[in-house]
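Remarks on the structure that follows.
Just so you know, residue 1 is the first one in the sequence shown, and it goes up from there. Only a predicted model underlies this, so the values are computations on that prediction, with no experimental measurement involved. Remember, it's 1-based here, ligands and their atoms both numbered in the order they're listed.
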Amino acid sequence: MTKKVYIETVGCQMNVLDSELVIGALRRQGYDLTDTPADADVLLFNTCSVREHAEEKTYSSLGRARPHKHRNPDVVIGVLGCMAQKDQDAIRKRAPYVDMVVGTGQLAEVPALVEKVKATREPQLAVSLGRADAGRHEVEASFVSYDPTRDPTMRPTPFQAFVRIQIGCDKFCTYCVVPSTRGPEQSRPPEHIWSEVRQLVDQGCKEVTLIGQTVNSYLHEAGDRRTRLSDLIAGMHDTPGLERIKFVTNYPKDMTDDLFDVVRELPKVVKYLHVPVQSGCDEVLKRMKRNYTASYYEDMLARCRERVPGVAVTSDFIVGFCGETEESFAKTVELVRRSRFKNSFIFKYSERPGTKAADRYPDDVPEDVKKRRNNDLLAVQNENSRADHREQVGRVVEVLVEGPSRHGERVTSPVKQLTGRTMTDHIVVFDGTERLVGQTVRVAVRDSSPFTLYGDVLTEEVIGVDGEDLPAQSSRPRTPRFSLPLVS
Ligand code: 5AD
Ligand code: SF4
């Protein structure tokens, strides 16, 4: 009987990509992916530590896996990713039946470690060095970027892919665990990235999303050649068959004009930038160690809109950070009101042990205040999202069709509700046949809500490279869709 692997993924796009790659590697070892934990021989939990809630979610999942392990002691349970790197001992203490703890820098070892558990029945631990455990080079070497050959059947859609261009982070925002869970910032050589993009396009991929914690800090130096993100994008732009290039997540201080210029000039680059500001109050930004002021951010935003007309910008916010008063929160509200983001992701501050903020500042904003501020900020953002989406009504937009919408998935007729994204990352739903999935079509926008545009396909004319009909999406093994932006 074929061996089966089950995986649960929490967190950012980096984790979604890591899960895709780990599953691809296990498939090459003869495993099939199952979405039923009770059927699995190997259960993997790819984890996130950015907020406490994400960690608790993993501990609940591990709790649910326990009876399965109890009934079938040969089952292998593995915890991967950020929690594995950060909390090796705590995991073994809270869930002693876990067989494998594998950090973000050791994912290549997963197939071998599974075999080792099976052969020895001994728990296996593979994690990188802590940031203060050794010199920079040694720590860097212990975080290995995991970029094996891609398996197109492992993605939610074969025509879209994440491509890692950088691992780690050196910004050390005081609230954030990422510099320790993902290690020092390291940019992959451009040739490796370009060749991965060519391989993906040969497999039918039309849209690549370049990912990094601070993707616009990408810099690769070899001899006297320096490759910035703008050069990297320019170097892949003319790949025949590639239609769209996105990149996330941007760090505000590194939004340089060369980057704005490639976004404006190169037609395949999506006119959408996710640039988290986190707070509109200078004192809070200082305690967060974001290295900019609110007015620096707003000037950057103005420059961005001037140099890239029509660009859509989104942001992240943390409310209730240590010492955030009503007055400082009001500054954030005003910044959101003025900034006209297409969308914002708003999070309640979650103290993370081991971070500078946890050491230095008391988590002094009560939970109910955090909740209220979250709702209040969301209400202001929703007004802007509504206005932003309303402005699109009457336009004709190019949509890369991603698949049936949630509503369309339940319909059996040949014409169903489909969903896709525009070149400014707006979500559009419209009626069409599944033949359009994976194609780029023109859609006339007829109506809007704060988060969605509603439109009609202008004939079933397809833009760009003509693709073959694609297999029904439901027949493909699905890795979980991501729901959160990358940290930055
Ligand atoms: N608490 C709450 N939100 C956080 N983020 C990062 N660390 C924390 C934390 N400790 C948010 C930031 C980041 C997003 C992905 O998660 O807004 O941009
Ligand atoms: Fe790095 Fe982003 Fe975390 Fe700051 S919030 S430390 S930039 S990953």
Side-chain angles (χ1 to χ4, degrees), residues 10-16 48-57 81-83 85-86 104 131 143 164-187 211-218 247-255 273-281 284-292 297 313-324 332 335-336 341 343-365 367 369-371 373-374 377-378 381 482-488:
V10 184
C12 64
Q13 288 100 323
M14 202 60 99
N15 270 11
V16 175
C48 170
S49 292
V50 163
R51 281 169 290 274
E52 190 183 358
H53 176 68
E55 294 188 345
E56 286 310 320
K57 216 162 144 181
C82 289
M83 273 173 79
Q85 177 63 33
K86 181 172 137 301
T104 55
R131 295 237 15 185
F143 280 90
R164 194 189 328 269
I165 69 165
Q166 174 202 59
I167 60 170
C169 180
D170 284 345
K171 306 293 187 206
F172 288 100
C173 302
T174 56
Y175 51 80
C176 186
V177 288
V178 169
S180 60
T181 61
R182 293 205 171 259
E185 181 184 316
Q186 302 182 68
S187 294
I211 60 174
Q213 310 298 336
T214 54
V215 74
N216 57 331
S217 318
Y218 175 90
F247 53 93
V248 283
T249 283
N250 294 288
Y251 185 69
K253 279 297 281 273
D254 295 331
M255 295 304 289
L273 296 167
H274 182 61
V275 199
V277 53
Q278 311 295 1
S279 168
C281 169
V284 172
L285 288 169
K286 193 159 186 197
R287 277 196 297 281
M288 288 177 164
K289 197 176 156 295
R290 289 291 288 181
N291 297 320
Y292 54 80
Y297 183 91
V313 183
T314 58
S315 183
D316 290 347
F317 290 89
I318 298 178
V319 294
F321 184 64
C322 318
E324 185 190 69
T332 302
L335 183 135
V336 170
F341 296 118
N343 195 6
S344 288
F345 299 87
I346 302 167
F347 307 99
K348 288 179 290 172
Y349 173 58
S350 167
E351 185 177 83
R352 309 290 44 232
T355 57
K356 284 271 171 350
D359 291 347
R360 284 185 198 161
Y361 314 117
D363 179 12
D364 54 0
V365 178
E367 182 59 26
V369 176
K370 288 181 183 171
K371 209 176 257 171
R373 289 182 188 168
N374 192 333
L377 198 59
L378 204 56
Q381 174 56 50
F482 60 88
S483 55
L484 289 178
L486 269 185
V487 183
S488 187

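With a 4.0 Å cut-off on non-hydrogen atoms, Phe172 touches ligand 2 through its backbone and not its side chain. When heavy-atom distances to ligand 2 are checked against a 4.0 Å cut-off, Pro179 comes that close only through its side chain, counted from C-beta outward. The side chain of Phe347, and not its backbone, has at least one atom closer than 4.0 Å to an atom of ligand 1 (non-hydrogen atoms only; side chain from C-beta on). Contacts of Ile318 with ligand 1, taken as heavy-atom pairs under 4.0 Å, involve the side chain alone.
Per-residue contacts place Tyr175 under 4.0 angstrom from the following atoms of ligand 2 (heavy atoms of the residue considered): 5 (S). Close approach of ligand 1 to Gln278 is summarised as follows: ligand atoms under 4.0 Å from at least one heavy atom of the residue are 12 (C), 13 (C), 17 (O), 18 (O). Shown in contact with Cys173 at under 4.0 Å from a heavy atom are these atoms of ligand 2, numbered in order with element: 4 (Fe), 5 (S), 6 (S), 7 (S). Here is the list of ligand 2 atoms found below 4.0 Å of a heavy atom in Val178: 8 (S). Those atoms of ligand 2 with a heavy atom of Thr214 less than 4.0 angstrom away are 7 (S).
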Test log, rule side-chain contact (heavy atoms from CB on, under 4.5 Å), inputs Ser217 and Gln166: CA-CA 9 Å; Ser217 318; Gln166 174 202 59; 4.1 Å; yes
Stepwise side-chain contact (heavy atoms from CB on, under 4.5 Å) check, Val10 with Glu55: CA-CA 9 Å; Val10 184; Glu55 294 188 345; over 6 Å; no
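With ring centers used as reference points, Phe247 lies 6.0 Å or more from His274.
Relative to the ring axis of Phe347, Arg51 places its NZ or CZ within 45° and under 6.0 Å from the centre. Stacking of Lys171 on the aromatic ring of Tyr251 is recorded, both the 6.0 Å distance cut-off and the 45° axial limit being met.
Residue Tyr175 has at least one nitrogen or oxygen atom sitting less than 3.5 Å from a nitrogen or oxygen atom of ligand 1, judged on distance alone.
Within the coordination shell of atom 3 (Fe) of ligand 2, defined by N, O or S atoms under 2.8 Å, Cys169 is absent.
Using a 4.0 Å cutoff on heavy atoms, Lys348 counts as a contact of ligand 1. No heavy atom of Gln278 sits closer than 4.0 Å to any atom of ligand 2.
Each of Leu377, Leu378, Val365 was checked for a side-chain contact (heavy atoms from CB on, under 4.5 Å) with Val319, and the lone residue meeting it is Leu377.
Proximity annotation for atom 3 (N) of ligand 1: of Arg51, Gln213, His53, Arg51 comes nearest, heavy atoms only.
Ring geometry, Phe321 versus Tyr349: the interplanar angle exceeds 60°, so the pair is classed perpendicular (tilted spans 30 to 60°).
Residue-environment remark: NZ (Lys289) exceeds the threshold of 12 foreign heavy atoms within 6.0 Å.
Residues Ser344 and Gln381 have side chains that bring a donor and an acceptor to within less than 3.5 angstrom of each other.
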